[in-house]
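Let me begin by presenting the structure, written as structure tokens, before commenting on it.
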Amino acid sequence: MMRNRGTLSSIDGYLQLLETCIESKSLKQGKIIHQSLLKFSGEDFNSHSLVLDKLTRLYISCKRPQLAHRVFDKIAQPERKNKTILWNQMIRAYAWDGPFEKAVDLYDEMVDSGIKPTKYTYPFVLKACSAMHDVETGVKIHGHVKRHNLDNDVYVCTALVNFYVKCGCLEEAREVFDEMLERDVVAWNAMVSGYSLNGMYWDAIGLVLEMQRRGLEPNSSTVAAILPVIGEASMLKEGKSFHSFCLRRGFDRDVVVGTGLLDMYGKCGLLVYARRIFSSLAFKNEVTWSAVVGACVTCNSMGESFELLGKMRKEVGGSPSPVMLATVVRGCAKLNDLNMGRQLHCYMIKLGFSFDFMVCNTLVSMYAKCGSRNDAIRFFEEMQAKDSVSYSAIISGCVQNGYAEEALQLFHKMQLAGVEPELATMMGFLPACSYLAALQHGVCGHGYSIVRGFTADISICNALIDMYNKCGKMDAARHVFNRMHEKDVVSWNAMIVGYGIHGLGKEAILLFQDMQNGGYEPDEITFIALLSACSHSGLVTEGKHLFSVMSQEFNIAPKMDHYFCTVDLLGRAGLLDEAHKLITTMPFEPDAHLWNVLLAACRIHNNIELAEEVSEKIQTLGPASPGNFVLLYNLYTIAQRWHDAANIRIQQKELGFEKKPGCSWIEVNGIFHGFVGGDCSHQESSKIYKKLEELMAEMKRLGYAAESQFVYHDVDEEEKEKILLYHSEKLAVAYGIISLKPDKPIMVTKNLRVCGDCHTALKYITIIAKREITVRDTSRFHHFKNGTCSCGEFW
DNA sequence: ATAGGGTTAG
């Protein structure tokens with residue numbers, strides 16, 4: 001009889017066979033045995049607890065927790081009660097390989113069936129909780145630990161510290177750590193890596209010092225845990241002292257420590273040291289190779305990173321890891337090498353990495369940083385799964401390329417898709433609001449940031465300050481600024497810029513005083529902000545003083561941008577010769593851009609002789625931007641040299657310096673209405689033009705004459721008047737007047753500088769329409785009120 | 001131990 005084969009006497013044989021499979025982790029053989037048991041053994045055998053126990057262990061050891069679970073469930077209830085160890089092993093299996101929620105389910109089942117968890121149970125459930133970031137369940141389990149008086153066990157408490165650390169609850173972790181009766185090196189390491197993972201370098205280092213003071217020796221794990229933060233904070237001095245500590249203990253030969261050391265040196269910018277450690281390591285693994293490639297990318301040695309990629313394939317064989325490729329792609333982004341980026345993209349597809357979140361997100365970012373918004377969008381849309389990083393990458397990518405409105409739409413899509421915006425998402429969203437002057441969206445973003453606790457972050461507050469400043473809400477910006485618990489140089493700069501673009505130069509300088517009194521060191525950007533603030537307010541003496549002070553007292557050598565601002569300041573004030581002299585006596589060669597600033601000043605003060613001299617310089621240098629062409633063109637048209645003007649236009653086209661079309665927009669109830677010159681595409685276009693004509697008639701009655709010098713075409717006066725009337729900023733203002741309630745101020749944003757004729761016209765319009773109008777152009781705010789503008793003609 | 005998204009100026 002077949003059933004005879006399944007007698008109890010043959011069980012031992014099966015059990016032994018299973019045991020060898022468990023030891024050798026041989027899934028294939030194990031499955032064969034399992035199947036033959038099913039086929040030939042019949043019921044008795046199949047429910048034999050020893051067999052089921054072994055089978056469960058087999059699948060656990062082969063990392064098949066779900067298969068194991070199925071067998072485990074067959075063990076009869078009374079038997080299962082005595083198998084605490086097996087329960088623990090099942091939970092551990094899920095905690096390692098997932099699905100993590102199953103680990104928690106099993107734990108609950110265990111507790112419900114009256115089995116007391118042991119100190120070996122808790123660490124695994126907690127591990128599963130931290131993998132899911134399930135703080136609530138973890139805290140519940142912490143309660144169970146206390147109830148079972150296991151809160152004096154090193155093993156369990158270390159697991160609790162680890163759990164809290166991974167969930168970002170540093171205070172809770174520290175509390176558990178502090179209450180531990182005895183602490184071994186592993187416990188200390190858990191706390192150290194907690195501070196390290198959360199970027200709290202001083203706490204991490206302090207803890208290592210304290211552990212040494214208490215007579216405990218840091219081991220290689222301690223060092224490996226602390227090196228990443230040291231690198232992140234570029235604390236070279238501390239890094240070197242840990243390095244020498246490693247040399248004394250011989251830890252440097254350890255791959256993990258060695259990799260950590262080379263990574264740390266790379267992040268500190270010392271590629272020479274990183275290379276040296278890399279070549280000294282006898283054993284290098286995948287991570288080591290990725291780390292050294294990363295060090296090259298960080299230190300701008302791109303060629304070397306590509307070489308290393310090839311070298312690794314030759315020396316180690318096999319294909320590079322996703323991490324390594326993502327790192328090289330990051331290098332392409334840094335180099336702006338779209339071609340190489342595309343090639344790597346193909347390579348990644350070939351290797352089958354196109355399902356990896358990290359890899360795909362790097363590609364989105366690379367395309368965006370290389371200025372190819374189309375590729376970025378296309379690739380982003382094609383991704384089957386998108387996480388918050390994908391959205392963050394595409395949102396900032398759009399903003400970086402000037403597609404701020406699209407960025408807002410993507411932010412909206414993100415929420416519809418149920419993906420929660422993270423801090424870094426807001427770092428793309430808020431600048432998009434700044435760009436668009438999208439106050440209503442910006443305020444929502446502020447609210448959301450408060451709710452999520454992001455406003456504790458300096459960078460978020462800086463982005464908020466900038467957003468409010470660019471939306472014309474200086475009070476709100478200052479409020480955020482004042483309430484920050486900690487500021488950095490960016491905070492001060494953002495606020496100084498705010499005063500500058502609002503024409504409040506004196507306030508900008510006062511804030512600079514406060515900054516110094518507060519013990520903050522200004523940087524290059526601080527002075528760019530200050531100088532441009534002076535230029536917007538006509539503060540010539542103050543600006544000149546700041547320019548000399550920056551190198552003499554603050555040891556910051558003026559760069560092109562500082563000359564740019566100072567020439568602008570002098571030029572606008574009519575000090576053309578002084579501006580000219582500054583350019584010719586500066587310690588490096590001026591570029592076309594800088595001459596262009598002087599040219600613009602010549603145009604303001606109608607100095608044709610100097611302008612011609614300057615334009616010659618620009619022509620020999622080769623115009624560097626569409627702006628150069630525009631100014632030259634304008635200059636010739638003022639001089640009515642139509643032939644020269646036409647030549648400039650032709651040259652501009654041939655060289656591919658197309659001028660950006662002027663475009664203005666206005667936010668009405670959170671919706672943007674954009675206009676280009678002569679735009680008839682708006683739904684209410686006819687109403688807008690009717691309003692403009694009405695205003696025009698009234699303006700003329702008050703003495704307005706179209707300033708036709710702002711039309712640089714050889715056309716007759718009437719035609720010029722029309723071209724001017726339909727400038728985008730006028731269209732947007734007219735739409736504001738007809739769509740916003742009379743008591744609401746009108747705010748229009750323009751992507752170029754506001755035109756001179758429009759500037760005059762808007763003064764009249766404030767009188768006629770009895771409304772306040774604000775225009776933000778690329779360089780500053782213009783607040784029009786009762787026939788005047790806040791800019792005082794400095795723009 | 002390596003790895004994806006980020007603020008200010010021109």
Side-chain angles (χ1 to χ4, degrees), chain A residues 193 196 220-221 223-228 231 254-264 266-267 281 285-295 297-298 321-330 333 356-366 368-369 387-397 399-400 421-431 434 454 457-467 469-470 488-498 500-501 523-533 535 559-565 568 593-594 597 625 778-779:
Chain A
S193 74
S196 176
S220 57
S221 305
V223 182
I226 206 157
L227 286 171
D254 182 288
V255 215
V256 177
V257 172
T259 305
L261 283 169
L262 93 78
D263 176 60
M264 180 272 295
K267 293 214 168 90
L281 277 171
N285 61 22
E286 194 186 278
V287 181
T288 319
W289 283 93
S290 298
V292 75
V293 168
V297 170
T298 312
S321 70
V323 175
M324 179 135 172
L325 278 184
T327 307
V328 186
V329 169
R330 209 184 84 220
D356 188 309
F357 267 124
M358 190 255 298
V359 165
C360 291
N361 294 340
T362 317
L363 285 168
V364 170
S365 166
M366 181 274 294
K369 287 194 177 124
D387 64 2
S388 75
V389 178
S390 326
Y391 278 99
S392 305
I394 195 70
I395 287 170
S396 348
V399 183
Q400 283 157 14
E422 291 302 323
L423 195 144
T425 321
M426 302 315 285
M427 297 301 262
F429 176 79
L430 291 171
S434 299
F454 297 157
D457 184 89
I458 300 182
S459 309
I460 281 285
C461 291
N462 295 343
L464 283 168
I465 292 170
D466 183 60
M467 183 274 291
N469 277 330
K470 300 273 169 69
D488 64 8
V489 64
V490 180
S491 326
W492 291 93
N493 292 350
M495 204 58 221
I496 291 173
V497 167
I501 58 179
D523 64 4
E524 286 174 25
I525 296 174
T526 315
F527 284 98
I528 294 172
L530 285 167
L531 290 168
S532 84
S535 154
K559 290 197 176 154
M560 196 59 97
D561 288 330
H562 300 100
Y563 280 97
F564 194 93
C565 295
D568 189 54
H593 209 58
L594 187 59
V597 179
S625 76
T778 38
S779 74

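Picking from B/dG5, B/dG6, B/dT2 the nucleotide with the shortest atom distance to the side chain of A/E422 gives B/dG5. Listed nucleotides B/dG10, B/dG4, B/dG5 differ in distance to A/F564; the shortest reach to its side chain belongs to B/dG10. Listed nucleotides B/dT8, B/dG6, B/dG4 differ in distance to A/S459; the shortest reach to its side chain belongs to B/dG6. Proximity note for A/D263 (side chain, C-beta onward) versus B/dT7, B/dG5, B/dA3: the nearest is B/dA3. For A/T259, the side-chain atoms get nearest to B/dA1 when compared with the rest of B/dG6, B/dA9, B/dA1. Listed nucleotides B/dT7, B/dT8, B/dG10 differ in distance to A/M427; the shortest reach to its side chain belongs to B/dT7. Here the side chain of A/D457 is nearest to one of B/dG6, B/dA1, B/dG4, namely B/dG6. For A/V323, whose side chain is taken as the heavy atoms from C-beta onward, the closest listed nucleotide among B/dG6, B/dA3, B/dG5 is B/dA3. The A/V490 side chain lies nearest to B/dT8 when the options are B/dT8, B/dG5, B/dT2. In the set B/dG6, B/dG4, B/dA9, B/dG4 carries the atom at the smallest distance from any side-chain atom of A/M358.
Below the 3.5 angstrom threshold, one finds no donor paired with an acceptor across the side chain of A/D356 and the base of B/dG4.
Distance A/L281 CG to B/dA1 P: 16 Å, rounded to the nearest Å. Rounded to an integer number of Å, the gap from A/N493 CG to B/dT8 P is 11 Å. In this structure, CH2 of A/W492 is placed 17 Å from C1' of B/dT7, rounded to the nearest angstrom. The distance from atom CG of A/D466 to atom C1' of B/dG10 is 14 Å, rounded to the nearest whole Å. Atom CG in A/L530 sits about 17 Å away from atom P in B/dT8, given to the nearest Å. A/D488 places its CG atom 9 Å from the C1' atom of B/dT8, with the value rounded to the nearest Å. For the pair A/F454 CZ and B/dT7 P, the interatomic distance rounds to 15 Å; values are reported in whole Å. In this structure, CD1 of A/I496 is placed 15 Å from P of B/dT8, rounded to the nearest angstrom.
If you check every strand for non-hydrogen atoms under 4.0 Å, A/A393 touches sugar and phosphate atoms only. If you check every strand for non-hydrogen atoms under 4.0 Å, A/K369 touches sugar and phosphate atoms only. A/A326 comes within 4.0 angstrom of nothing in the nucleic acid, heavy atoms only. Backbone-only engagement by A/P228 is indicated by non-hydrogen atom pairs under 4.0 Å involving sugar-phosphate atoms exclusively. Within the 4.0 angstrom heavy-atom criterion, no nucleotide atom of any strand lies near A/I465. Within 4.0 Å of A/F357, counting heavy atoms only, lies at least one base atom of the nucleic acid. Within 4.0 Å of A/D561, counting heavy atoms only, lies at least one base atom of the nucleic acid. Heavy atoms of A/N285 sit under 4.0 angstrom from at least one base atom. At a threshold of 4.0 angstrom between heavy atoms, the contacts of A/S388 include nucleobase atoms, whether or not backbone atoms are also involved.
Distances shown here put every side-chain N or O of A/T327 at or beyond 4.0 Å from the OP1 or OP2 atom of B/dA3. Contact check, A/Q400 against B/dG5: no side-chain N or O comes under 4.0 Å of OP1 or OP2. Contact check, A/K267 against B/dA1: no side-chain N or O comes under 4.0 Å of OP1 or OP2. Put simply, A/S491 has no side-chain N or O that comes within less than 4.0 Å of OP1 or OP2 on B/dT7. Taking 4.0 angstrom as the limit, A/S290 places none of its side-chain polar atoms (N or O) nearer than this to OP1 or OP2 of B/dA3.
At a cut-off of 3.5 Å, with distance as the only test, no side-chain donor of A/N462 or A/S459 sits close to an acceptor on the other residue. Remark: the A/N493 side chain and the A/D523 side chain contain an N/O donor-acceptor pair separated by less than 3.5 Å.
Side-chain N or O atoms of A/H562 include one that pairs as donor or acceptor with a backbone N or O of A/E524 at under 3.5 Å. Put simply, the side chain of A/T327 never gets that close to the backbone of A/G294: no donor and acceptor are under 3.5 Å apart.
For A/Y391, the ring-ring contact (aromatic ring centres under 6.0 Å, His included) partners are A/F380, not counting sequence neighbours. Partners of A/T425 by side-chain hydrogen bond (donor to acceptor under 3.5 Å, both in side chains), not counting sequence neighbours, listed by chain and number: A/S392.
At least one side-chain heavy atom of A/R330 sits less than 4.5 Å from a side-chain heavy atom of A/T298.
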